[in-house]
S.K.: 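Take a look at the following structure, please.
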Amino acid sequence: MDKKIIGIDLGGTTAKFAILTPDGEIQQKWSIDTNILDDGKHIIPEIIESINHRLNLYHMKAEDFIGIGMGTPGTVDSEAGTVIGAYNLNWRELQFVKKMIEEGTGIKFAIDNDANVAALGERWKGAGENDPDVVFITLGTGVGGGIVADGHLLHGVTGAAGEIGHITIDPNGFECTCGKRGCLETVSSATGVVRVARHLAEEYAGDSRLKAMLDNGEEVTSKDVFELAEADDPFGLMVVDRVCLYLGLACGNLGNTLNPSSIVIGGGVSAAGEFLRSRVEKYFKEFTFPQVRESTKIKLAELGNEAGVIGAASLALKYAE
Ligand SMILES: [Zn+2]
């Protein structure tokens, strides 16, 4: 039997697992709830227990695996295999994840942050078509990203490379949780889209269902904004156009710097699909110089929430003989 790899996508509510072949085909999937009680000290023991239980159930042994890879929130030291500052897991203190999982399972282990592993997943088996140069942007509650350049995931000196959410798109823009202003995240995350809508609504005087909802204090989501825009709400279209201008500006500068074969957009907000992609691409073309404009493509993510386990599992391939 060929050796397998295991991918783990650890999140604040669930930990997703998959067993894959070394060429990235998922053979089994399962998940457990993430128990964040007691400073998250049960999380790793429960992951170990779940893996060992699964292996027992299917008569598999540690030797049947090349390795385990995991994506996690927080600041990751992928060399040391540690995580700190993952607040949605209650991990404030340094966690020795690699050491615990290798001791608990007898299988080699590799780790990176969740946005980076999603980038690896989309690059390997999704829209990135396994090209050596791919940028991934995820638009969700926040905005994250990962950069694969010349076939390598970029980490930077402190592991902060690929933090696309903090690219400045407006020096006088909204305050960001990171302490500076005008970050991409403040205008293109799910809450960012609504923030842009509220801001532009102050000056919009025309007829619009979206404007009326905001004025009436109704709850508005980014999904509402995109749906109303798709239904030709004039103010909705204006908001989407502005969000896509910011995204196109950030993508344009990523393109001008890195010239990847594709910039892949994923995450909840990207459910708006081609309606979003085509508008980002329009601005991307405005903000790029000819060689980049003609060679770098703006694409939608293809793997959905499987990108995490697939990309995480790919980390384990470094242990292949
Ligand atoms: Zn920021």
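Counting starts at 1 for both ligands and their atoms, in listed order. We use all heavy atoms of the structure for the numbers below, so side chains are in, but hydrogens, waters and symmetry mates are not. Along the sequence shown, residues are numbered consecutively beginning with 1.
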S.K.: Is there a donor in the side chain of Asn256 and an acceptor in the side chain of Thr288, or the other way round, less than 3.5 Å apart?
M.R.: no
S.K.: Give me the number of protein N, O or S atoms whose distance to the Zn ion (ligand 1) is under 2.8 Å.
M.R.: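 Step by step: take the Zn ion (ligand 1), keep protein N, O, S below 2.8 Å, and you get 4.
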S.K.: Is there a donor-acceptor pair closer than 3.5 Å between any side-chain N or O of Asp133 and the backbone N or O of Ala149?
M.R.: no
S.K.: Would you say the side-chain atoms of Trp124 pair up with the backbone N or O of Ile310, donor to acceptor, closer than 3.5 Å?
M.R.: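 Such a contact is absent between Trp124 side chain and Ile310 backbone.
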S.K.: Residues in salt bridge (charged side-chain N to carboxylate O under 4.0 Å, His left out) with Lys297, at least two apart?
M.R.: none
S.K.: Give me the other members of the hydrophobic cluster that Leu120 sits in, counting Ile, Leu, Val, Met, Phe, Trp and Tyr linked by side-chain heavy atoms under 4.5 Å, directly or via other members.
M.R.: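 Grouped by the 4.5 Å side-chain rule, Val117, Val148, Leu153, Leu315 form the rest of the cluster around Leu120.
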S.K.: Under a single-linkage rule joining Ile, Leu, Val, Met, Phe, Trp and Tyr whose side-chain heavy atoms are separated by less than 4.5 Å, which residues share a cluster with Ile84?
M.R.: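 Members besides Ile84, by chain and number: Leu94, Phe96.
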